[in-house]
Number of protein chains: 2
Amino acid sequence: MANTEAHGLLDDLHDLVETRLRRVDQRYTAGRRAIIDLIVTAGNPVSIADIATRLPDLPRSSAYRNLVDLESAGLVRRIVGHDEFARFELAEDLTEHHHHLLCVACGKVIDITLAAGLERNVSEAIEEIASVEGFRPHGHRLDVLGVCGACA
Amino acid sequence: MANTEAHGLLDDLHDLVETRLRRVDQRYTAGRRAIIDLIVTAGNPVSIADIATRLPDLPRSSAYRNLVDLESAGLVRRIVGHDEFARFELAEDLTEHHHHLLCVACGKVIDITLAAGLERNVSEAIEEIASVEGFRPHGHRLDVLGVCGACA
DNA sequence: ACTTAGACTGAGACTGAGTCCCATTGCAAG
DNA sequence: CTTGCAATGGGACTCAGTCTCAGTCTAAGT
Ligand SMILES: [Mn+2]
Ligand SMILES: [Mn+2]
Ligand SMILES: [Zn+2]
Ligand SMILES: [Zn+2]
């Protein structure tokens, strides 16, 4: 192990998560760390079923509670897809602003990123319309409904 | 009542709905008609609670079943907003393509329409990205999260 | 080292929007 | 009429998600 300055990107993320949790008097326990690890490792948003499968020793009640806590701390985002199951991914300020393809057949969620210019146009149009309606926008989500390659 | 050619826009809609239902061997019963009336009359998408309030004599099980049937017939669209309650509106081929402002405080849903040009740009970008992912897109939804005027 | 406050855990009870069941009723075609 | 389904409605049921609570862990203070 010649590398002593060691910290990889994943370790940096864990440090950041820990700092954010500490800021609200929360601890970065093994269960929470395992959930963050899983969310980052999986390419796509993960469901409770995914967590139960990949982390069989983490009780469901703890998984649900940890996800609520991580969401409250602004570290994790809950996604309501096309099926009845919630899914979870890293919050956008830990990754980048993006959107989703939702498979109406199997419920799979795939991340996509729009061109910056188009994203800007959308945001401006939203600001415009919202102000007319007396609505204060915090953000937006664009979901594409369709059928994924595996289900075609 | 001097007007004998009578059929208003609402009547035309009812006729269209009846035709579409007949096409799939379904009947346009009083309960279903009342639900369509309510959905059209209300400016915004309606929840089951709205239906229970405005149509107190329509049993919940019938309301849910009718909504499922109307959705299957492509006449009504189910909206998953920011709260835990589903809402319902006319399907887009009975109105026009549009999107929603979602109040994160009270759950209210407000219809909005984007400029046609922007809408086209979004659709094209989606086609492009989806094809790269091997995903066959059927449509999209754009939800703006924020706080409505009443909740500000 | 010991204490202590409160964050955290886990097993299970509970909630409630939405679905299913089934006996009964309505309705349209022949 | 009759006959085959569509439709009804009251209530039982499902199950993802939430809540409870007694016990445990952890960090900070002394
Ligand atoms: Mn994502
Ligand atoms: Mn709408
Ligand atoms: Zn799929
Ligand atoms: Zn509101």
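In what follows, chains carry the letters A, B, and so on, assigned in the order in which the sequence lines appear, proteins first and then strands, with residues in each chain numbered from 1.
Rounded to whole Å, atom P of D:dC25 lies 16 Å from atom CZ of A:R32. We find that CG of B:L21 is positioned 15 Å from C1' of D:dC5, with the value rounded to whole Å. Between the CG atom of A:N66 and the C1' atom of D:dT18 there is a distance of 14 Å, given to the nearest Å. A straight line from CG of A:D25 to P of D:dT26 spans 17 Å, rounded to a whole angstrom. Rounded to whole Å, atom P of D:dG17 lies 11 Å from atom CZ of A:R87. Counting to the nearest Å, the P atom of D:dT26 and the CD atom of A:Q26 are 15 Å from each other. Atom CG of B:D57 and atom P of D:dG10 are 10 Å apart (whole Å). The interatomic distance linking B:Y28 (OH) with D:dC5 (P) rounds to 26 Å, in whole Å.
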Exercise for the section: Could you please spell out the steps behind the side-chain hydrogen bond (donor to acceptor under 3.5 Å, both in side chains) verdict for A:T53 and A:D50? Expected result: CA-CA 5 Å; A:T53 301; A:D50 295 332; 5.8 Å; no

Exercise for the section: Take B:D69 and B:S72 through the side-chain hydrogen bond (donor to acceptor under 3.5 Å, both in side chains) test and state the conclusion after the steps. Expected result: CA-CA 5 Å; B:D69 294 340; B:S72 299; 5.3 Å; no

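Residue B:D69 is out of contact with every strand shown, counting any heavy-atom pair closer than 4.0 Å.
Salt-bridge annotation for A:R120 and A:E124: absent, with no side-chain N of the basic residue lying under 4.0 Å from a carboxylate O of the acidic one.
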Practice task
Determine, for nucleotides 17-30 of chain C in 5'-to-3' order, which nucleotides have protein heavy atoms under 4.0 Å from the base (write B), from only the sugar-phosphate (write S), or from neither (write -).
Solution key: SBBB-----BBS--

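Around the CZ atom of B:R136, the shell of radius 6.0 Å holds no more than 12 heavy atoms that belong to other residues, nucleotides or ligands.
With no hydrogens or angles considered, no side-chain donor-acceptor pair links B:H138 and B:H140 at under 3.5 Å.
Between A:S62 and C:dG10 there is a side-chain polar atom (N or O) within less than 4.0 angstrom of OP1 or OP2.
Judged purely by atom type and a 3.5 angstrom limit, B:R60 has no side-chain atom pairing as donor or acceptor with the backbone of B:A52.
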